[in-house]
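These notes concern the structure reproduced below.
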Amino acid sequence: MKTDISKIYNSSEVESGWYDFWETQGYFRADADSTDPPFVIVMPPPNVTGSLHMGHMLNHTVHDVIIRRKRMQGFNTLWLPGTDHAGIATQNVVERQLRQEGLTRHDLGREKFIERVWEWKREYGDLITQQIRRIGDSCDWSRQRFTLDESLSGAVREVFVRLFEERLIYRGERLINWCPRCRTALSDLEVEYESLEGKLYHIRYSIAGSADEFVEVATTRPETMLGDTAIAVHPEDERYVHLKDSSGVLPLVGRKLPFIQDRVVDREFGTGVVKVTPAHDPADFDMGERHGLKRIGVIDEDGRITPEGGAYSGLDRFEARKQILSDLEAQGFLTRVEAHVHNVGHCSRCRAIVEPLLSTQWFVDVKPLAKEAIRAVEDGDIRFVPANWAKTYFEWMYNIRDWCISRQLWWGHRIPAWYCPCGEIIVSRSDPTVCPKCGSEEITQDEDVLDTWFSSQLWPFSTMGWPGETDDLTAFYPTSLLVTGFDIIFFWVARMIMAGLKFAGDVPFKEVYITGLVRDIERKKLSKSKGNAGDPMLVCDEYGTDAVRFTLARLGAPGADFVLSEDQLDGYRAFATKIWNAARFILRSEAESDRPVTEDEIQLDDLSLADRWILSRQTRAVDDVNRALDRYFLHEGAHSIYQFFWHEFCDWYLEMVKLHPEQSRPVLLHVFEKTLRTLHPFMPFITEELWQRIPHNGASIVIAPYPKLRADFVDEAVERDAGLIQEIIVKVRNIRAEVNVEAKQFVPLRVGTEDPGIQAMLMRQEAYIKRLARVESLEVVGKLTGERAAAQAVAGDVALEVPLAGVIDLEAEQARLGREMEKVRREISALEGKLSNKKFVERAPREVVEENHQRLADYQGKAVRLAEGIARLR
RNA sequence: GGGCGGUUAGCUCAGUUGGAAGAGCGUUCGGUUUACACCCGAAAGGUCACAAGUUCGAGCCUUGUACCGCCCACCA
């Protein structure tokens, strides 16, 4: 037990040593052989390139609060950490570095480049795991994983091969999303649509064999016309039925384009005539399929016009657009240009405009997997918190489309497919050396790597050793809970569910907690001047990690966005300071005889009112916290413990205890110690620091038991008595403030009540009133006799007056009591109205009716006493 | 076009079997009371977006309206 305690709470000092202690003691390590019930979370692996942002910190706070409490409750907890190789993101970072050296990845070649990325990872990849330690996350570092670890790569390969064998992975030429900047294919999810102000160009296409007849098409992308292979109209559009069997002529190129009829054409839009470019537009691709159209690719992987584009060959796509427009205009084909807002797809990594391109890629046929995954959520095998996110999940799953998984990158899991000149494609668990079909040794491996999410989707079981049959899988799979943001429900959550069911034989987790978004702090213009208030490490430096964690827990209701502001952080830093100062107060009067006090040792009968009251209130607070946390309502749990600690323990109990410090010492120590345990999941550092300094059992608060409900500590009568005393104290303080009594002056107090029980109680407990309300003498009478020089108030059905000669302003006093009376009358008439309503009395539950009667009686008593008080003023 | 969420105190937000409107910050007034001025004490402040409905009773349930936000979608 440390005895010294600094006067000022210094968060960075408090937060510096404990993590190493916890880690070396092995408190965070899970035991696959334990017989305790497991509680398991796998950490959503952050990108190795990354550094922690506020979103992470919120997410990790939720994780850690939940997992620390479970650990204290005796679960065999595992929080498995790790990082993601993040294909495009990481490769971009290293390529940027190379560019500064005047190099491209091609200058290095594949092997050297990958070695370079690994070097980079070794150097910087630890940053984020250090940050994770800094914020106190209680993860099991002995089980840390990286998606490119050998065993995880083995899992990826196994899954690829199995899906290929089941024909759920296939290779084919499709229209895919292509990022010309990253030079890779993207999945649909990696394309982000942005509404942009563009132009709608109207272009005249003449009719073949007719001198003056023409149709007008509208397009936002004139450059794709080079790849047009048809003109489409709606089959029931009378304006164009006559063109059914004719052709149009492509301007500038002269190619003949057949007219086709298709129901997707919107007759209302533009002229109702659409140019069809199957190689560069998803809708046109589908039409091309339906009508057997030729596909002419006119834009290449760099976003330049291909030789198919004739005169425009080699031009950048946007340059070509300008050129084509000016040529069209010069030749009179461009009839009209109008402003047009439309959605443009951007690469989610580099923001370049995505090009729909015809390309041969690998795909997963996910529909069969989705079926099981939908069922798992429908059947409640997986529960979303909040529940409505399941709708988002279903929506996507019902409409799920094939997943393009190949990426033209070097950093990632290389596709385990080999090609033989004979045409054979070999997909295998081990690297082949010869073609099994023709025996050729000329086989070459596919150059591409897999989408990063292909490996992430296996995370809950690949990290535990799958496809091996490991103890960890037996002990910890399926995991208990996944905590993540709604932005990756499709990318990750849905795919893990599919993969888990398919390969690990069970759902990957039983519950999914969806966090909200931490809205940009800049919205409040708080950070601009400070530079980086959004960086959680800087925020933790400034406010203390415990305070930041508490703030996030307090504000982040499941699924709800919130703004993190400096005001909020200030408030919860003050909370940490408050805890510190309370501890200082307690440690001030440290005694030799101090020792840990367990609940069972407490003899309720021997205790003061204050002690019994705080035990009762704490019991309720602990119960509130537990019920809130059982539902993952961290915000409510944080609120309950905050209110209890500050406004009951500090504001009332510590003040009351000053009357009988020695007598209350055991309860004081007990309640404070238990409060620290209740708080520990939210504020791990300060609670450990203080817990170690006060009497306690055990080596660390990390493994101390989490407080449970002690129903026998709840005492309604005590709470009622203490409540009345507190109310009287507040009323006296109120009077003192109203009539400007100096703080140091003690005043006389007279309390009137005809209830002998209350009279006796007040006499017994008068010391509290005297001290906390600064009262010199307390007189308890049946009825207030009244003098003019008295300020009056009513607490419950008890009246009181402060007989202070000469200081009272009669008019003000009258006005004050009048206002009070007004309120009481309003309550009475509302309650009378309610209770005279026959239907209410008949149909409302008896307790509710009874309660209303009780309240009415209370208010009526109040009214009588107020009336007496007002009368006595005259 | 479809789906989801939001609208409660000056600000940021809580509010689950429907049963007396809450917190933090801010505001006003007063405070060197032996833990704490990152504090203490006292107070002010709300037609719960609007409208109908269900109910004895609605911030909460139903329907509609308005505004704001997000997601999905092949009107070029």
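Source: prediction; values computed, not measured. Within every chain, numbering begins at 1; the chains are lettered A, B, ... in the order of the sequence lines, protein sequences first and strands thereafter.
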Could you run through nucleotides 17-32 of chain B and give me one letter per nucleotide, 5' to 3': B if any protein heavy atom sits under 4.0 Å from the base, S if only the sugar-phosphate is that close, - if neither?
-> --BB--SSS-------

Whether each nucleotide of nucleotides 68-76 of chain B has a protein heavy atom under 4.0 Å at its base (B), only at its sugar-phosphate (S) or at neither (-) is summarised, 5' to 3', as ---SSBBBB

Can you give one letter per nucleotide of nucleotides 43-49 of chain B, going 5' to 3': B for a protein heavy atom under 4.0 Å from the base, S for sugar-phosphate only, - for none?
-> S------

What is the per-nucleotide protein-contact pattern of nucleotides 58-63 of chain B, from the 5' end, where B denotes a base atom under 4.0 Å from a protein heavy atom, S denotes such proximity for sugar-phosphate atoms only, and - denotes neither?
-> ------

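In this structure, the CG atom of Asn581(A) is 15 Å from the P atom of U33(B), given to the nearest Å. In this structure, CZ of Arg771(A) is placed 13 Å from P of G41(B), rounded to the nearest angstrom. Atom-to-atom, NZ of Lys7(A) to P of C38(B) comes out at 12 Å; the value is rounded to the nearest Å. Ile489(A) has its CD1 atom 13 Å from the P atom of G5(B), to the nearest Å. Here the P atom of nucleotide C39(B) and the CZ atom of Phe575(A) are 12 Å apart, to the nearest Å. Rounded to an integer number of Å, the gap from CG of Leu772(A) to C1' of G41(B) is 11 Å. Whole-Å rounding puts the Asp624(A) CG to A14(B) P distance at 19 Å. The nearest whole Å value for the distance from the CG atom in Leu555(A) to the C1' atom in G15(B) is 15 Å.
Straight-line distance between the P atoms of G45(B) and U62(B): roughly 34 Å, to the nearest whole Å. The separation of U47(B) from C25(B), taken at their C1' atoms, amounts to 25 Å, rounded to a whole angstrom. Comparing the P positions of A35(B) and C40(B) gives a spacing of 13 Å, expressed to the nearest Å. Distance check on atom C1': A21(B) versus A58(B) gives 13 Å, rounded to whole Å. One P atom belongs to A52(B), the other to C60(B), and the distance between them is 14 Å to the nearest Å. Rounded to whole Å, the separation between the P atoms of G24(B) and C67(B) comes to 36 Å. Nucleotides G26(B) and C68(B) are separated by 32 Å at their P atoms, to the nearest Å. Distance noted for atom C1' between U17(B) and C61(B): 13 Å (whole Å).
Residue Lys658(A) has no polar side-chain atom (N or O) positioned under 4.0 Å from OP1 or OP2 of U33(B). Regarding contacts with the backbone of A42(B), a side-chain N or O of Arg733(A) is found under 4.0 angstrom from either OP1 or OP2.
Here Glu842(A) lies out of heavy-atom contact (under 4.0 Å) with every strand. The residue Ala582(A) sits close to a base: some heavy atom pair falls under 4.0 Å. Counting any heavy atom pair closer than 4.0 Å across all strands shown, Lys578(A) reaches a base atom. Residue contacts shown for Arg736(A) are absent, as no nucleic acid heavy atom lies under 4.0 Å away.
We find the CG-CZ distance between Leu552(A) and Phe682(A) to be 12.0 Å, quoted to the nearest 0.5 Å. Rounding to the nearest 0.5 angstrom, the gap separating the CE atom in Met225(A) from the CG atom in Leu325(A) is 9.5 Å. Taken to the nearest 0.5 Å, the CZ atom of Arg174(A) stands 10.5 Å off from the SG atom of Cys404(A). With values rounded to the nearest 0.5 angstrom, Ser664(A) atom OG is found 13.0 Å from Lys658(A) atom NZ. Atom CD of residue Glu648(A) and atom CZ of residue Arg620(A) lie 10.0 Å apart, to the nearest 0.5 angstrom. Rounded to the nearest 0.5 Å, atoms OH (Tyr632(A)) and OG1 (Thr515(A)) are 14.5 Å apart.
Because its NZ or CZ atom is both nearer than 6.0 Å to the ring centre of Phe633(A) and within 45° of the ring axis, Arg631(A) counts as a cation-pi partner of that residue.
The list of salt bridge (Lys or Arg N to Asp or Glu O under 4.0 Å) pairs with a residue in residues 271-288 of chain A, not counting sequence neighbours, reads Asp228(A)-Lys275(A). Residue pairs that meet the side chain to side chain donor-acceptor pair (under 3.5 Å) test with at least one member in residues 262-273 of chain A, sequence neighbours left out, are Glu236(A)-Arg263(A), Asp262(A)-Arg290(A), Asp262(A)-His291(A). Sorted by first and then second residue, the salt bridge (Lys or Arg N to Asp or Glu O under 4.0 Å) pairs involving residues 391-404 of chain A (not counting sequence neighbours) are Asp188(A)-Arg401(A).
Paired with Phe575(A) under the rule ring-ring contact (aromatic ring centres under 6.0 Å, His included), one option of Phe644(A), Phe550(A), Tyr543(A) passes, and it is Phe550(A).
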Give the intermediate values and the outcome of ring-ring contact (aromatic ring centres under 6.0 Å, His included) for residues Tyr393(A) and Phe490(A).
-> CA-CA 7 Å; Tyr393(A) 170 83; Phe490(A) 306 147; 8.5 Å; no

Decide ring-ring contact (aromatic ring centres under 6.0 Å, His included) for Tyr9(A) and Trp580(A); before the verdict, give the C-alpha distance in whole Å, the side-chain angles of both, and the deciding distance to 0.1 Å.
-> CA-CA 6 Å; Tyr9(A) 163 59; Trp580(A) 188 263; 5.5 Å; yes

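Evaluation of the salt bridge (charged side-chain N to carboxylate O under 4.0 Å, His left out) rule for Arg221(A) yields Glu223(A), Glu355(A) as partners, not counting sequence neighbours. Residues satisfying the side chain to side chain donor-acceptor pair (under 3.5 Å) test with Gln568(A), not counting sequence neighbours, are none. Listed by chain and number, the residues in a salt bridge (charged side-chain N to carboxylate O under 4.0 Å, His left out) with Glu832(A) amount to none (sequence neighbours excluded).
Where pairing requires Watson-Crick or G-U contacts shorter than 3.5 Å, the helical stems of RNA chain B with at least three consecutive pairs are B:1-7 with B:66-72, B:10-13 with B:22-25, B:27-31 with B:39-43, B:49-53 with B:61-65.
Using a 4.0 Å cut-off between charged side-chain N and carboxylate O, Arg336(A) and Glu338(A) make a salt bridge.
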N/O donor-acceptor pairs under 3.5 Å from side chains in residues 853-861 of chain A, not counting sequence neighbours:
unit_1    : atom_1 : unit_2    : atom_2 : d
Arg855(A) : NH2    : Asn852(A) : OD1    : 3.2

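Between Glu636(A) and Ile586(A), the residue anchored nearer the 5' end of RNA chain B, judged by the nucleotide with its closest heavy atom, is Glu636(A).
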